[in-house]
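Before any comments, here is the structure.
In what follows, every heavy atom counts, from backbone to side chain, and hydrogens, waters and symmetry copies are set aside. What you see is a predicted model; the values in this text were computed from it and never measured.
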2 protein chains.
Amino acid sequence: MGLYHLDDERQAAVHKIRKRVIENIGRNMDLYGIPLSTGHLYGLLYFADKPMNLDEMGQEMKMSKTSMSTGVRTLLDYKMVNKVWEKGSRKDLYEVEYDWYQSFVDFFDIKWRKSVESNIMVLRKALDETEKLHKEHEHDEVLAAVLQEDQAKMREAVAYYKWLERLIDTFVDGDIFNYVPKEPPEGKS
Amino acid sequence: MGLYHLDDERQAAVHKIRKRVIENIGRNMDLYGIPLSTGHLYGLLYFADKPMNLDEMGQEMKMSKTSMSTGVRTLLDYKMVNKVWEKGSRKDLYEVEYDWYQSFVDFFDIKWRKSVESNIMVLRKALDETEKLHKEHEHDEVLAAVLQEDQAKMREAVAYYKWLERLIDTFVDGDIFNYVPKEPPEGKS
DNA sequence: AACTTTGTACAGTTTTTACTGTACGTACTT
DNA sequence: AAGTACGTACAGTAAAAACTGTACAAAGTT
């Protein structure tokens, strides 16, 4: 049911309530490294009763269509919104992914995993180079001591990132919801 | 064992290896919403063989002491570095928190939890206002329909945030490590 | 094929964030 | 108590990011 079916006064009342929520969602969106305005856009789509196109978004947000385009693309990259097909309309339509658990999982799968993989790769390479350097100067005790410390630290780091990978895996395959169920256990508020 | 005990050539070799790792750590630090240079600072401290003071950091980073001060404060807020006391020195000394699992947990406990709590509060308030508005115009069917949709969405959101709170709880109390152990299960690389 | 409509690349502008230098409060030293 | 060392607040500057308008490519319509 669209907001525009209401008379002005009531429409304004609903709008005011939504606005506070949208602002908050937008503000907290920087946890995901998403700009405030894109967060607002997300909030707008969240309360929209139907998929929106870029022009509608721009109108509501009082921002340029270009900005809407880039904003939506960011949200699409994170799978926080989906493109929707609707016959009759030539415009691209978008709606939010209402399954926030899924959005949470996707965020880690997309952003964190990439970072983790890159870190592991770099650390592996650095460990190799360290080993090589050590072999090249076998009789340098001081160097050996330095390298050993560095290696210990980097091995620790790799172990951590591998743990992070396994954690993300439990997110992606949904196992996390066995351990921390969506429904709260009885007796907890 | 300090790097400066080595001759120039070998010191440079070690430095080069460390540098790549530090750059990567710094770059990936934006996952935590931390500026690149502060990420670098973290990387520097990570490889330092002893706690550092602001002047030393500034020298290594070729940046102002003021920047080091604010950078360190950011890292302290996230508990990624710790202040260290050392008798004899009047300067403040800092070292990284080498327990990265703990840093991970702290990050969520500090940054995500705050956001979650604020979201829940705002949603609760909005739900109340929605209810009030509904009662004030009991015979407005259209309004009722709109409000009902909004309420459904907001209740879903609250449920999600409560799940997130429980997830963060399992991080903080360490339960997560029972489910996703730090040591990988046998047979996995 | 000419004409619309739609989304986005790109260059330029505005706004925000990061960084620096100075200046000052606090606390230690003599 | 005067002097020195240290860390940070604050104002100004430099750099980065967000946003806009124009221009154009792709696809649809007549």
Side-chain angles (χ1 to χ4, degrees), chain A residues 22-23 25-45 48 50-78 80-95 111, chain B residues 22-23 25-45 48 50-78 80-95 111:
Chain A
I22 290 175
E23 303 248 309
I25 290 174
R27 204 172 318 119
N28 291 144
M29 213 74 150
D30 84 323
L31 282 185
Y32 302 101
I34 283 172
L36 183 63
S37 77
T38 306
H40 273 159
L41 176 59
Y42 180 86
L44 173 68
L45 288 169
K50 56 168 187 35
M52 293 179 79
N53 64 49
L54 294 179
D55 290 310
E56 289 166 341
M57 295 177 207
Q59 211 165 340
E60 288 277 345
M61 300 271 299
K62 279 164 190 148
M63 283 177 70
S64 73
K65 197 175 174 179
T66 310
S67 295
M68 295 303 101
S69 179
T70 59
V72 160
R73 192 142 29 120
T74 305
L75 294 171
L76 274 176
D77 287 345
Y78 289 163
M80 287 174 170
V81 308
N82 300 309
K83 203 170 195 166
V84 172
W85 287 105
E86 207 169 83
K87 65 180 174 185
S89 174
R90 268 165 62 188
K91 301 181 198 244
D92 295 353
L93 296 167
Y94 303 92
E95 72 179 358
K111 202 151 184 204
Chain B
I22 289 175
E23 304 248 308
I25 290 175
R27 205 172 318 118
N28 292 145
M29 213 75 152
D30 83 324
L31 282 185
Y32 302 101
I34 285 172
L36 183 62
S37 75
T38 307
H40 273 159
L41 176 59
Y42 180 86
L44 173 68
L45 288 170
K50 55 167 188 34
M52 292 179 80
N53 63 50
L54 294 179
D55 289 309
E56 289 165 341
M57 294 177 207
Q59 209 165 341
E60 288 278 345
M61 300 272 297
K62 279 164 190 148
M63 283 177 69
S64 73
K65 197 174 173 180
T66 310
S67 296
M68 296 304 100
S69 178
T70 60
V72 161
R73 192 143 28 121
T74 305
L75 294 171
L76 274 175
D77 287 345
Y78 289 162
M80 287 174 169
V81 308
N82 300 308
K83 202 168 194 166
V84 171
W85 287 105
E86 206 170 82
K87 67 180 174 185
S89 175
R90 265 164 68 187
K91 301 182 197 240
D92 294 354
L93 296 168
Y94 303 92
E95 73 177 356
K111 202 151 183 205

What's touching nucleotides 26-30 of chain C from the protein side, N or O pairs under 3.5 Å?
none

Between the protein and nucleotides 20-22 of chain D, which nitrogen or oxygen pairs come in under 3.5 angstrom?
residue : atom : partner : partner atom : Å
D/dT20  : OP2  : A/S64   : N            : 3.0
D/dT20  : OP2  : A/S64   : OG           : 3.0
D/dT20  : OP2  : A/S67   : OG           : 2.6
D/dG21  : N7   : A/T66   : OG1          : 3.4
D/dG21  : O6   : A/T66   : OG1          : 3.3

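Distance CE (B/M57) to P (C/dC19): 15 Å, rounded to an integer number of Å. Atom CG in A/D77 sits about 14 Å away from atom C1' in C/dT8, given to the nearest Å. The distance between atom CD of A/E86 and atom C1' of C/dT6, rounded to the nearest whole Å, is 16 Å. With rounding to whole Å, B/K91 atom NZ is found 15 Å from D/dT8 atom C1'. The distance from atom CE of B/M61 to atom P of C/dA18 is 14 Å, rounded to the nearest whole Å. The separation between A/Y94 atom OH and C/dT6 atom P is 13 Å, rounded to whole Å. Counting to the nearest Å, the C1' atom of D/dT8 and the CG atom of B/L54 are 10 Å from each other. The separation between B/L75 atom CG and D/dT8 atom C1' is 16 Å, rounded to whole Å.
In terms of heavy atoms, B/E95 sits closest to B/P51 at OE1-CG, 4.0 Å. Taking all atoms of both residues into account, the shortest heavy-atom contact from B/M52 to B/M57 is O-CE, 3.5 Å. Considering every non-hydrogen atom in both B/V81 and B/L45, the closest pair reads CG1-CD1, 3.9 Å.
The stretch residues 35-45 of chain B touches DNA chain C through B/P35, B/S37, each having a heavy atom within less than 4.0 Å of the strand.
With sequence neighbours excluded, the residues satisfying salt bridge (Lys or Arg N to Asp or Glu O under 4.0 Å) with A/K65 are A/D55. Judged as a ring pair (Phe, Tyr, Trp, His ring centres under 6.0 Å), and not counting sequence neighbours, the contacts of A/Y32 are A/F107, B/W112. By the salt bridge (Lys or Arg N to Asp or Glu O under 4.0 Å) test, A/D30 pairs with no residue at all, sequence neighbours left out.
A 4.5 Å side-chain heavy-atom check between A/K50 and A/E86 finds every atom pair outside the cut-off.
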Run the side-chain contact (heavy atoms from CB on, under 4.5 Å) test on A/M63 and A/H40 for me, step by step, so that the C-alpha distance in whole Å, both residues' side-chain angles and the decisive distance to 0.1 Å come before the verdict.
CA-CA 11 Å; A/M63 283 177 70; A/H40 273 159; over 6 Å; no
Is there a side-chain contact (heavy atoms from CB on, under 4.5 Å) between B/E56 and B/K91? Walk through the geometry before answering.
CA-CA 11 Å; B/E56 289 165 341; B/K91 301 182 197 240; over 6 Å; no
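Contact annotation for A/D92: backbone-only contact, meaning every heavy-atom pair under 4.0 Å involves sugar-phosphate atoms and none involves a base.
Put simply, the residue from B/N53, B/L54, B/T38 that forms a side chain to side chain contact (heavy atoms under 4.5 Å, CB included) with B/V72 is B/L54.
Note that CG of B/L41 is 11.5 Å distant from CG of B/L36, once rounded to the nearest 0.5 Å.
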